[in-house]
Amino acid sequence: MQVAKVIVDVPSRQTNIPFSYLIPDNLSDSVTVGMRVQVPFGRRKITGFVVELSDHSDFDGKLKPIEALIDLTPVINPELMDLAVKMSQTTYSFLISCLQTMLPGGMRTSFAKRITAKSEQVVKENDWLFQGKSSVEINPSTTAESTTKKLLDLNKSDEIVVDYVLKRNSSAIEVLGIKATMTPEQLDKQRGLIRANATSQHKLLNVLSEQNNAKLLQSDLVKSGISASAIKSAIDKGWAKQIKIHQNRNPFMQPVKQTSALKLNVAQQNAVDKVSLSIDERDATRFLLEGVTGSGKTEVYLQSMAHALEQGRTALMLVPEITLTPQIVNRIRSRFGDQVAMLHSAMSNGERFDEWQRINRGKAKVVVGVRSAIFAPIKNLGVIIVDEEHDSSYKQSDNPRYQTREVAKFRADYNHCPVVFGSATPSLESRARAQKGVYQLLSLPKRINDQVLPKVDVVDMRQELKNSGSLLSAPLQEKITEKLSRHEQIILMLNRRGYASFLMCRDCGYVPQCPNCDISLTVHKNSHSLQCHYCGHQEPIPTECPMCHSKRIRNFGYGSEQLEEQVKELFPDARTLRMDVDTTRKKGSHERIIDAFANHEADILLGTQMIAKGLDFPDVTLVGVLNSDSALQFPDFRSSERTFELLTQVAGRAGRADKVGEVVIQTYNPNHYAIKFAKTQDYEGFYQKEMGIRRLGKYPPFYYTIKITGNSKNENTVMTRMVALTSYLKEHLSSKAIVLGPTPKMITRVNNQYYYQIIIKYRFEDQLQSALNRILNDSQKLKDVQLSIDNEPLDFM
DNA sequence: AGCACGCCGACT
DNA sequence: GTCGGCGTGCTC
């Protein structure tokens, strides 16, 4: 008997165990661990991952056979299989979720329900469903309840057959395009029929007649300034027809010039030597590479990776979400050429699938990517680089809540290779480990070419408030004027957390709240609506106060939109660019804004955090942080660390070329240590001070932490359950463990669900994992409260 | 998560 | 009497 143990694609606690299936004879040679299979499960058909092959099963019932193979080669290799199991244990999440997150998005398969009528009569009677066809496909997750009921009836009366068809939503390599249907002569005549000022349509006519036989990509046309509506009207007017183009995807836009290794300074050379030695000796040393912006960390990464390749091994480099710009990728590709594969969230599903496939086939020797790239199926790793290791995007915020740094260590152990964690402002956890000798510390103390650090001014906004109340302090305004007159560029950053603009009645103080959540609604000017950032609720902006009917209901607080308005008022001649979630929502718009600013199409770039990181504009000589301390307002133990990090990062943006940069930090807490150390760019000073505070507060890195969140639509139910959990935990953990709570979350109600949390702080608790698993299992039965566990949460909020 | 079975209220 | 509400439990 040949049996495959399968983890089925049903994310629930009861199905979080392998199910046994018979391997039919025709598949007996092909089924391997790590492949996905199609199996019957109850009445349904679903996908699953083969996790083990065996000659027997412990299940007493009758085994069903595997129906089909989805993959011809394993998609999860043995290393990743081990990792998935370990990860599901440490993150308290389902094994199936871990396996799924390892695959590139778009490779997920799902089943569509196919409804087939048993007779012509049935088709006719149910035109709402069949619309003349004898068989239709239905997506189970988007089917309305009323439809489901009707289908059930039809099924009962034996009028239809329901089965399932596999839907593979990967690699849709088809993109929209158009092709001319008229000859150039005919197109010429069309010119007379459209308005002279319809520039977009004229342009399109030119392109159509010049490239009369070509298949034109819609995205290329839009890029060259032809509007989508012009394309649409071209199709309507019969100039061209819409076609689907099979595109050979290549995520790298242009070819890059080959570059070679740069000369290293003493500290850099030392770092490269240490890492190389560790690669040669195949030991899984963890390095912490600490060096300020401009100290040449990237060159150390590149030469370490080059060394791994020389030894016939491979390299994996991780960068934070927003830092993975074409600039960075090109720098890596210029060194390693076509052996580089890139995995980035801004790529399309299809592009990522292609890159993943190249890696899985062993065609790529270097992988560069964001968080999820840590699961790239690259074999024979020689070195792993985690750049900006403190960055919060390395922790996944939903299940499985893994920390990329920890996954990197697992893979390093498995491959016997070193990991290099690099940062100008390392996380306290990593820096403390370096202190204890768990990580090996490598320092790059000097900036390349002995560039001077920018000059940082701190402006006390409490004084400024008395004077004007403007967002921009007088000293900052002066500096902006000065830089503008010299045609130098400026970056203004607004830390938007908690500073979104809301509506308030000037007469009675009423602030519109979200009906589903405990939070005020945010004003969105461009869509002219009030929106809730937590549940997505939208409503129109009222013209009068619903409470007191006053007309004096106005914006309050500052968003980047308000900032832009104010800047335009104060500096009418300056050209501004805004970069925030609103202006970067569309794919590629992020790059477009960066390029535009780099090309001096604007004098002032303003926006939120995302402009702080990784960008390199040599002509920026002034950076202003308008509300540097808004993070400090948050009651969270990491708020100082975040503030310091952010300010240090932004300061690094100013004056990287020959010009000395200036930084203006506006704050209401000029005496806060995070601000003071940021002013002098003194990471080590900050580290010492912050460690003292963490020790006193029994926070990480002195204690490990776990956050348990519970939610329910009834506030009392969650509260009682969480109180019970707290006493259970106190009973089952040692007296040294600290169990805090339960406390309502800062925003207690979201989407009409009430959220409460418990924090556990501990050092050594061997009973913890089993206690938490028991809690999760029990909560399966009592499903009035939803529980989720976050191991080493980023915040306690 | 689905999907079915099963046990109690308001209706042709 | 039955249709249908959703609580409970299983899926190899």
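The structure displayed is predicted, hence computed values, not measured ones. Residue numbers begin at 1 in each chain, while the letters A, B, ... track the order of the sequences.
Distance D9(A) CG to dA1(B) C1': 9 Å, rounded to the nearest Å. Nucleotide dC12(C) holds its P atom 19 Å from the CZ atom of F49(A), rounded to whole Å.
K5(A) comes within 4.0 angstrom of no nucleic acid atom, judged by non-hydrogen atoms across all strands.
Evaluation of the ring pair (Phe, Tyr, Trp, His ring centres under 6.0 Å) rule for Y402(A) yields F375(A) as partners, not counting sequence neighbours. The salt bridge (Lys or Arg N to Asp or Glu O under 4.0 Å) check on K409(A) picks up E406(A), with sequence neighbours excluded. Applying the ring pair (Phe, Tyr, Trp, His ring centres under 6.0 Å) test to F796(A) and every residue at least two apart in sequence or in another chain returns F637(A).
Applying the salt bridge (charged side-chain N to carboxylate O under 4.0 Å, His left out) rule to pairs touching residues 711-734 of chain A yields R721(A)-D784(A), sequence neighbours excluded. Listed by first and then second residue, the salt bridge (charged side-chain N to carboxylate O under 4.0 Å, His left out) pairs involving residues 85-105 of chain A amount to none (not counting sequence neighbours).
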Between the protein and nucleotides 7-11 of chain C, are there any N/O to N/O pairs under 3.5 Å, and if so, what are the atom names and distances?
from    : atom 1 : to     : atom 2 : distance (Å)
dT11(C) : O3'    : G42(A) : N      : 2.9

